[in-house]
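Worksheet: one structure, shown below.
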Amino acid sequence: MEWINAIVQGVLLGGLYGLFAAGLSLIFGVMRLVNIAHGDLIVLAAYLALVVTQALGIGPLPSLLLVVPLMAVIGYGLQRLLLNRALGDDLLPPLLVTFGLSVIIQNGLLEVFSADSRRLQAGAIETAALPLGGGLAIGVLPLLQFGVAVAAIAGLQLLSWRTPLGRAFRATADDPEVARLMGLDNRHVFALAMALSLAVVALAGVFLAVRTNFDPAIGPARLIFGFEAVIIGGLGSLWGTLAGGVLLGVAQSIGAQIDPGWQILAGHLLFLLVLAVRPEGLFPRLRG
Amino acid sequence: MTTMETDGQANSAKLTRRAAAAAAIGTLATPSVLRAQGAGRPIKIGFVNPRTGPLAAFGEADAFVQEGLARALSGGIRIAGRTHPVQILARDSQSSPSRAAEVASELILRDKVDLITATSAPETVNPVADQAEVNEVPCLTTNCPWQPYFFGRRGDPAKGFDWTYHFFWGLEDVIAAFTDLWSKTETNKVVGALFPNDADGNAWGDARMGMPPALAQKGYRLIDTGRYQPGANDFSAQISAFKAAGVQIVTGVMPPPDFATFWTQAGQQDFRPKIATIGKALLFPSAVSSLGDRGLGLTTEIWWSPHHPFRSSLTNQTAEEVCAAYTQSTGKLWTQPIGYQHALFEVAVDVLKRTTALEPEAIIRAIRATDLRTIAGPVKWGSGPVKNVAKTPLVAGQWRRAGGNSLDLVVLANPGSAEIPVGGTLDPLG
């Protein structure tokens with residue numbers, strides 16, 4: 001029963017990792033940008049939600065109605081004003097710019113919000129659980145978080161394959177030069193991709209901030225799980241990213257069941273195994 | 001006459017040669033004016049503390065403490081008939097041991113400080129003390145349990161260190177305070193342990209020196225599932241092990257996010273212990289209030305609180321007055337490091353007032369002879385577990401609602417520190 005519990009909790013945790021990873025996967029797919037500031041943007045979204053909940057006196061979940069669009073606007077502006085200027089044939093300059101961005105966000109948050117450990121309080125739902133019998137219980141919040149992760153990824157998938165915007169994303173990803181010849185404005189397409197990425201980041205930030213405490217320095221530690229989920233699932237594949245997150249979560253909780261010291265290690269080992277056996281990931285969409 | 005300089009100012013002073021020359025003229029000119037009044041050269045005190053990075057919460061009260069200090073020291077310090085102005089050179093360790101060592105060595109070699117001080121966890125205290133020991137500069141530190149300070153620096157209890165002195169409590173005090181606290185209510189004496197794989201977790205969970213042998217001796221059964229990695233996102237394995245063993249007391253030494261994750265999941269998975277006594281995670285009121293109603297009733301170690309019956313030897317304020325002044329000036333709740341940072345400077349100033357000359361050997365002699373009642377309790381080297389460590393009192397208590405949204409930390413167990421009054425009885429959780 002303990003093992004079933006470990007797997008169930010691992011799957012639910014995987015939803016959070018999927019949310020961490022989906023935004024990374026999307027922008028890597030569209031513009032080959034590795035966003036080192038992704039973890040710090042998750043923390044930024046959490047602080048934004050903190051301000052919104054305190055200012056308006058609403059709960060963390062309703063605050064998403066404001067935080068998601070706000071983060072999307074930040075993403076659009078960030079891409080148009082900063083990252084587009086760094087993009088080019090070389091992968092390194094945008095990487096360095098996002099690295100700098102990570103340092104700036106961390107210290108900016110420290111200046112404004114201090115180093116206090118914060119959390120978003122969601123009231124009774126925080127510890128509400130659905131009993132499954134046999135001592136098993138699923139937290140309502142982790143379940144909701146998993147549902148939102150599935151919905152967000154399904155939404156991004158639909159958008160990618162069923163809408164003109166998705167076609168523009170895929171066209172620009174395949175060949176930016178030809179896409180421009182066809183009348184697409186790359187700068188605008190990239191900025192929209194970043195806006196979507198940060199909208200998902202906002203979901204991740206709010207759920208993270210309800211689940212645990214956050215302070216300005218925790219971003220980078222969250223980034224690594226996002227990266228691992230992307231690599232395990234396969235570059236550029238959205239469902240693969242969710243699967244990668246779930247596998248990572250399950251590996252960690254099974255590792256913890258054997259010995260808590262193995263929790264993070266088990267996730268890293270799975271990551272290394274996938275890199276060694278299938279470097280393109282389990283469900284790759286991009287090749288070459 | 002007290003001046004304070006931070007990293008930013010030091011860097012901007014380096015900017016141009018002209019600025020540097022102007023600064024040099026400034027320092028030359030000042031003493032010549034003062035010399036007429038029998039003034040000595042400025043005393044330089046180096047201070048290293050994490051202002052940024054994961055340990056930044058420990059450095060939050062720095063500005064407040066130093067402002068109060070500047071007022072108290074505005075008259076300078078008199079040594080051997082001469083009045084010396086005091087300069088405090090504050091540096092940020094960025095929560096990184098290598099950065100702490102780097103700024104400490106700069107303070108010692110470039111700024112030529114007379115005394116170097118540091119606080120907040122082994123990550124800052126140890127590298128600074130190591131630099132001071134190597135360079136033979138007097139060093140005062142606090143805010144780090146003495147075992148990681150002493151053994152973490154490979155100290156030999158028979159020999160000790162020559163230049164570095166520390167005051168704080170140790171692991172034996174945590175164990176005494178926690179078990180005394182747990183004895184105040186009826187439990188099955190089954191304790192679940194959450195020790196991370198870091199300096200604190202490994203020390204607390206050590207099979208020879210840590211909690212396991214001490215608890216066994218006192219008749220507690222410890223369920224220790226092993227060291228978890230800090231930053232873990234899931235504690236289901238521990239929770240199911242605790243449930244299976246019927247754990248009624250949870251203990252550990254956890255970073256605040258780890259405990260928040262554990263505590264949320266414990267609620268979701270219906271694990272309801274009677275007592276949760278956690279080190280480190282529940283030190284700061286902000287971390288406890290972030291847990292909402294589920295933060296109430298949690299218990300923790302208390303190094304310092306507004307209820308401690310001590311006064312500052314510098315400003316004569318009580319602990320309660322210092323906390324009130326902090327809340328008034330920053331709009332935030334008091335934190336435990338305020339008391340120890342204040343006490344650190346109390347000891348530094350006391351040492352400098354007693355030194356017979358402004359030179360390292362005389363300062364070290366003055367440190368060894370310290371016998372001072374600070375706002376954090378009495379500080380006196382010579383009677384501690386090793387020669388470089390003076391022990392200050394540690395008690396344990398419970399977080400409670402104190403009207404409105406404000407929180408109070410009530411002292412409930414004070415073994416060996418009877419002068420810190422107990423403020424009530426332990427209320428079990430839930």
Side-chain angles (χ1 to χ4, degrees), chain A residues 1-2 5-6 8-10 12-13 16-17 106-107 110-111 114-124 126-131 135-143 208 210-218 221-222 224-225 249 252-265, chain B residues 50-60 95 194-197 224-241 243-244 255-271 281 284-295 330 332-333 335:
Chain A
M1 200 47 94
E2 279 171 8
N5 186 42
V8 171
Q9 302 295 342
L12 295 180
L13 178 63
L16 185 65
Y17 290 162
Q106 276 179 46
N107 288 288
L110 183 68
E111 268 313 301
S114 83
D116 285 358
S117 194
R118 308 293 184 102
R119 206 169 128 265
L120 296 180
Q121 288 170 28
E126 274 172 26
T127 53
L130 305 172
L136 276 192
I138 292 185
V140 170
L141 214 54
L143 193 64
L208 177 71
V210 176
R211 189 182 173 93
T212 185
N213 280 24
F214 58 95
D215 58 61
I218 65 153
R222 312 290 144 173
I224 184 148
F225 300 126
Q252 286 187 356
S253 57
I254 288 180
Q257 194 64 46
I258 299 167
D259 182 311
W262 284 43
Q263 181 169 25
I264 307 285
L265 182 67
Chain B
R51 296 289 290 265
T52 55
L55 296 170
F58 286 93
E60 237 173 66
S95 304
L194 292 159
F195 298 131
N197 186 13
D224 182 0
T225 50
R227 309 290 154 267
Y228 73 88
Q229 283 302 318
N233 287 306
D234 182 59
F235 287 90
S236 306
Q238 287 92 332
I239 291 168
S240 55
K243 277 163 76 175
D258 292 359
F259 178 71
T261 306
F262 165 76
W263 200 230
T264 307
Q265 284 195 306
Q268 287 163 358
Q269 295 175 30
D270 200 33
F271 169 57
F284 296 97
S286 60
V288 178
S289 66
S290 78
L291 297 169
D293 284 344
R294 281 182 55 79
T330 61
K332 302 176 79 161
L333 289 169
T335 65

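To find a chain, count down the sequence lines: A is the first, B the second, and so on, and within it residues start at 1. None of the values given here were measured: they were computed from a predicted structure.
Proximity to chain B (any heavy atom under 4.5 Å) is shown, for Ala256(A), by both the backbone and the side chain. For a residue to count as touching a neighbouring chain, one of its non-hydrogen atoms must lie under 4.5 Å from one of that chain's; by this rule Ser289(B) touches chain A with the backbone only. Using a 4.5 Å cut-off between heavy atoms, Gln263(A) contacts chain B through its side chain alone, with no backbone atom that close. Heavy atoms closer than 4.5 Å to chain A are found in both the backbone and the side chain of Leu291(B). Both the backbone and the side chain of Gln229(B) come within contact range of chain A, each with at least one heavy atom under 4.5 Å from a heavy atom of that chain. Interface residue Ala115(A): backbone and side-chain heavy atoms are both found under 4.5 Å from chain B. Interface residue Tyr17(A): only side-chain heavy atoms are found under 4.5 Å from chain B.
Here the shortest heavy-atom pairing between Thr225(B) and Pro260(A) reads O-CD, 2.8 Å. Ser117(A) approaches Pro256(B) most closely through the heavy-atom pair OG-CB, 3.6 Å. Nearest approach of Ala232(B) to Ile264(A), heavy atoms of both residues: CA-CD1, 4.1 Å.
In this view, Asp293(B) and Leu296(B), Arg401(B) satisfy the side chain to side chain contact (heavy atoms under 4.5 Å, CB included) rule, not counting sequence neighbours. Shown here are the side chain to side chain contact (heavy atoms under 4.5 Å, CB included) partners of Leu136(A), two or more places apart in sequence or in another chain: Met1(A), Ile4(A), Asn5(A), Leu132(A).
To the nearest 0.5 Å, atoms OG (Ser236(B)) and CD (Glu2(A)) are separated by 11.0 Å. Distance check, rounded to the nearest 0.5 Å: CG of Asn213(A) to OG1 of Thr264(B) gives 8.0 Å. We find the CG-CD distance between Leu130(A) and Gln268(B) to be 10.0 Å, quoted to the nearest 0.5 Å. With rounding to the nearest 0.5 angstrom, the OG1 atom of Thr212(A) is 10.5 Å from the CZ atom of Phe259(B). In this structure, CZ in Arg119(A) is found 13.0 Å from OG in Ser286(B), a value given to the nearest 0.5 Å. In this structure, the separation between CG on Leu110(A) and CD on Glu60(B) is 8.0 Å, given to the nearest 0.5 Å.
Residues Asp234(B) and Ser253(A) bring no donor and acceptor atom of their side chains to less than 3.5 Å of each other. For Gln9(A) and Gln265(B), the side-chain atoms include no donor-acceptor pair closer than 3.5 Å. With hydrogens and angles left out, the side-chain atoms of Arg211(A) and Asn233(B) include no donor and acceptor closer than 3.5 Å.
Per-residue heavy-atom pair counts under 4.5 Å with chain B were compared for Ala137(A), Gly261(A), Ala129(A), and the maximum is reached by Gly261(A). Most heavy-atom pairs under 4.5 Å with chain A, from the set Asn197(B), Thr52(B), Leu55(B), Asp270(B): that is Thr52(B). Comparing Ser114(A), Pro216(A), Ala6(A), Ala221(A) by how many heavy-atom pairs each has under 4.5 Å with chain B, the most go to Ser114(A).
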